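Only one structure is covered here, and it is reproduced in the block below.
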Amino acid sequence: MILCGRFFHSCHNEAMANTPSIPAFLYGTAWKEDRTASLTELAIVAGFRAVDTANQRRHYFEAGVGQGLTRAYEAGIVTREDLFLQTKFTYARGQDHRLPYDPAAKLDVQVGQSLASSLEHLGTDHVDSFVLHGPSSNYDWTDADAEVWEAMQRERDAGRTRLLGVSNISLDQLQQMADTHEEIPAFVQNRCFASMGWDRDVRRFCKECGIVYQGFSLLTANQEVTNHPPLMKIAEEMSVTMAQLIFAFARAIGILPLTGTSEAEHMKQDLDSLKLDLPPRLVEGIESIAG
Ligand SMILES: NC(=O)c1ccc[n+]([C@@H]2O[C@H](COP(=O)([O-])OP(=O)(O)OC[C@H]3O[C@@H](n4cnc5c(N)ncnc54)[C@H](OP(=O)(O)O)[C@@H]3O)[C@@H](O)[C@H]2O)c1
């Protein structure tokens with residue numbers, strides 16, 4: 001059994017207890033550069049109601065996401081209240097020269113400056129989820145992370161985000177985090193490798209602690225599964241795409257999936273996968289293909 005830090009008795013996650021609407025699918029906006037606004041708008045037109053971004057200009061054009069949102073509002077497709085908006089705080093080591101904060105400022109100040117800049121980019125007074133993009137070390141939950149996490153909680157208490165999350169985090173770091181703080185995250189967002197049991201240990205910890213696990217790179221990190229001939233045959237027999245099968249599988253094992261597709265047809269297919277319920281034997285079979 002994996003112990004959820006001091007929460008292991010009840011594993012009650014306060015943050016999630018009173019949470020309205022957690023989305024079923026997240027549209028990811030990384031690596032879209034000058035197509036960010038049009039693709040964000042297209043995703044909303046297609047039916048996505050949750051958007052993931054980051055105040056990390058190196059990989060995301062967050063102001064472009066805001067432009068796409070504005071267009072969707074102006075077209076009368078959605079209002080801010082219809083959407084779940086998620087952004088991230090990224091340490092300087094994960095950024096290029098285009099920083100959304102003063103690198104000489106203390107970390108808690110950087111957190112506030114980053115979120116203020118995100119709110120400006122996204123044209124809102126609050127996001128729904130504010131995520132630490134990754135701990136400061138590859139191994140431990142450090143004092144720097146503790147300072148940032150506490151600053152993030154203050155942002156939440158001030159109403160600038162509804163919920164908090166952490167990304168790119170290992171089981172060890174999550175356990176250290178839970179041991180250090182009163183509050184655990186509402187979300188974990190990790191890359192999901194089938195060869196690691198689709199991040200099985202972290203997912204188990206999240207389940208025990210009432211944390212919603214968001215998975216990315218579900219298609220791109222798992223070609224041994226997406227190119228697995230027997231699974232390809234099953235997808236064909238079910239008249240679904242491999243992407244639909246993987247997203248439906250992800251949901252079946254408790255993953256809230258992200259997709260960053262740039263294709264309108266793929267957006268539609270990905271959302272249609274929400275209607276797909278896989279038989280337990282198929283879910284077990286997919287889970288065992290690579291580890
Ligand atoms: N926290 C982090 O550090 C982190 C890191 C990476 C990503 N993310 C988030 O996760 C989001 C998704 O990123 P990802 O790594 O999962 O990769 P992705 O951007 O979703 O890329 C998926 C790839 O699969 C292709 N694809 C083919 N058929 C598809 C289908 N039906 N549906 C979806 N994709 C299909 C896409 O091509 P087409 O465009 O042609 O469909 C694309 O090349 C990002 O935008 C970002 O928001 C977070």
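What you are looking at is a predicted structure, and each value in this text was computed from that prediction instead of being measured. In listed order, ligands and their atoms are each counted from 1. Just so you know, these numbers use all the heavy atoms, side chains as well, and skip hydrogens, waters and symmetry mates.
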(message) For the aromatic rings, using the six-membered ring if either is Trp, is the centroid distance between F187 and Y213 under 6.0 Å?
(response)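 Aromatic pair excluded; centres sit 6.0 Å or further apart.
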(message) So that I know where these two stand, are F48 and F25 an aromatic pair - ring centroids less than 6.0 Å apart?
(response)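 Yes, ring centres under 6.0 Å apart.
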(request) Any side chain to side chain donor-acceptor pair (under 3.5 Å) involving residues 269-279? Give me the pairs, sequence neighbours left out, ordered by first then second residue. (result)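 Residue pairs with at least one partner in residues 269-279: T259-D270, K268-D272, D272-K275.
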Taking distance alone, with N or O pairs closer than 3.5 Å, would you say [X] contacts ligand 1?
X: Q189; answer: yes
X: K88; answer: no
X: R191; answer: no
X: A30; answer: yes
X: K32; answer: no
X: L258; answer: no

(request) Have a look at F216, Y27, Y60 and point out the one with the heavy atom closest to atom 6 (C) of ligand 1. (result)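 When every heavy atom of F216, Y27, Y60 is considered, F216 comes closest to atom 6 (C) of ligand 1.
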(message) Please state which option from D270, N168, T226 has its nearest heavy atom closest to atom 30 (C) of ligand 1.
(response)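 Of the listed residues, D270 has the closest heavy atom.
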State whether the number of non-hydrogen atoms from other residues, nucleotides or ligands found under 6.0 Å of [X] atom [atom1] is greater than 12.
X: M196; atom1: CE; result: no
X: E33; atom1: CD; result: yes
X: R281; atom1: CZ; result: no
X: E120; atom1: CD; result: no
X: R71; atom1: CZ; result: yes
X: D143; atom1: CG; result: no

(request) Salt-bridge test for R203 and E287: reply yes if a basic N is under 4.0 Å from a carboxylate O, no otherwise. (result)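 Yes, this pair counts.
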(message) Salt bridge or not between E237 and K233? Use side-chain N to carboxylate O under 4.0 Å.
(response)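 Salt bridge flag = yes for K233 with E237.
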Which residue owns the protein heavy atom closest to [atom], what's the atom, and how far is it?
atom: atom 29 (C) of ligand 1; answer: H266 ND1, 3.4 Å
atom: atom 38 (P) of ligand 1; answer: T261 OG1, 3.5 Å
atom: atom 39 (O) of ligand 1; answer: S262 N, 2.8 Å
atom: atom 12 (C) of ligand 1; answer: G260 N, 3.7 Å
atom: atom 13 (O) of ligand 1; answer: W31 CZ3, 3.7 Å

(request) Give the contacting part of T220 toward ligand 1: side chain, backbone, both or neither, where contact means a heavy-atom distance below 4.0 Å. (result)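 Only the side chain of T220 comes within reach of ligand 1.
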(request) Could you see which bit of L219 sits under 4.0 Å from ligand 1, with heavy atoms only: side chain, backbone, both or neither? (result)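 Looking at L219 and ligand 1, just side chain atoms fall under 4.0 Å.
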As a test of the contact definition, would [atom] count as having a protein heavy-atom neighbour under 4.0 Å?
atom: atom 25 (C) of ligand 1; answer: no
atom: atom 42 (C) of ligand 1; answer: no
atom: atom 36 (C) of ligand 1; answer: no
atom: atom 15 (O) of ligand 1; answer: yes

Atoms of ligand 1 close to [X] [distance to a heavy atom under 4.0 angstrom, numbered from 1]:
X: E263; value: 38 (P), 40 (O), 41 (O)
X: D52; value: 9 (C), 46 (C), 47 (O)
X: Q269; value: 31 (N)
X: H133; value: 1 (N), 2 (C), 3 (O)
X: G28; value: 11 (C), 44 (C), 45 (O), 47 (O)
X: S217; value: 14 (P), 15 (O), 16 (O)
X: A243; value: 30 (C), 31 (N)
X: S167; value: 1 (N), 2 (C)

(message) Under the ring-ring contact (aromatic ring centres under 6.0 Å, His included) definition, can you give me all pairs with a residue in residues 249-287, not counting sequence neighbours?
(response)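 Every pair satisfying ring-ring contact (aromatic ring centres under 6.0 Å, His included) with a residue in residues 249-287: W198-F249.
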(message) So if I apply the side-chain hydrogen bond (donor to acceptor under 3.5 Å, both in side chains) rule between T90 and each of R57, Q56, Q110, H133, which one comes out positive?
(response)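 Of R57, Q56, Q110, H133, side-chain hydrogen bond (donor to acceptor under 3.5 Å, both in side chains) with T90 is met by H133 alone.
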(request) Hey, can you tell me if W31 and Y60 have their rings parallel, tilted or perpendicular (30° and 60° cut-offs)? (result)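 W31 vs Y60 ring planes: parallel.
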(message) So does D125 get a backbone contact from the side chain of R80, meaning a donor-acceptor N/O pair under 3.5 Å?
(response)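 A pair under 3.5 Å: no.
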(request) Work out whether the distance between some heavy atom of T241 and some atom of ligand 1 is less than 4.0 Å. (result)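 In this structure, T241 fails to qualify as a contact of ligand 1 - no heavy atom is under 4.0 Å.
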(message) For a quick check under 3.5 Å, do D145 and Q173 share a side-chain donor-acceptor pair by atom type?
(response)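 Per modelled atom types, D145 and Q173 side chains form no pair under 3.5 Å.
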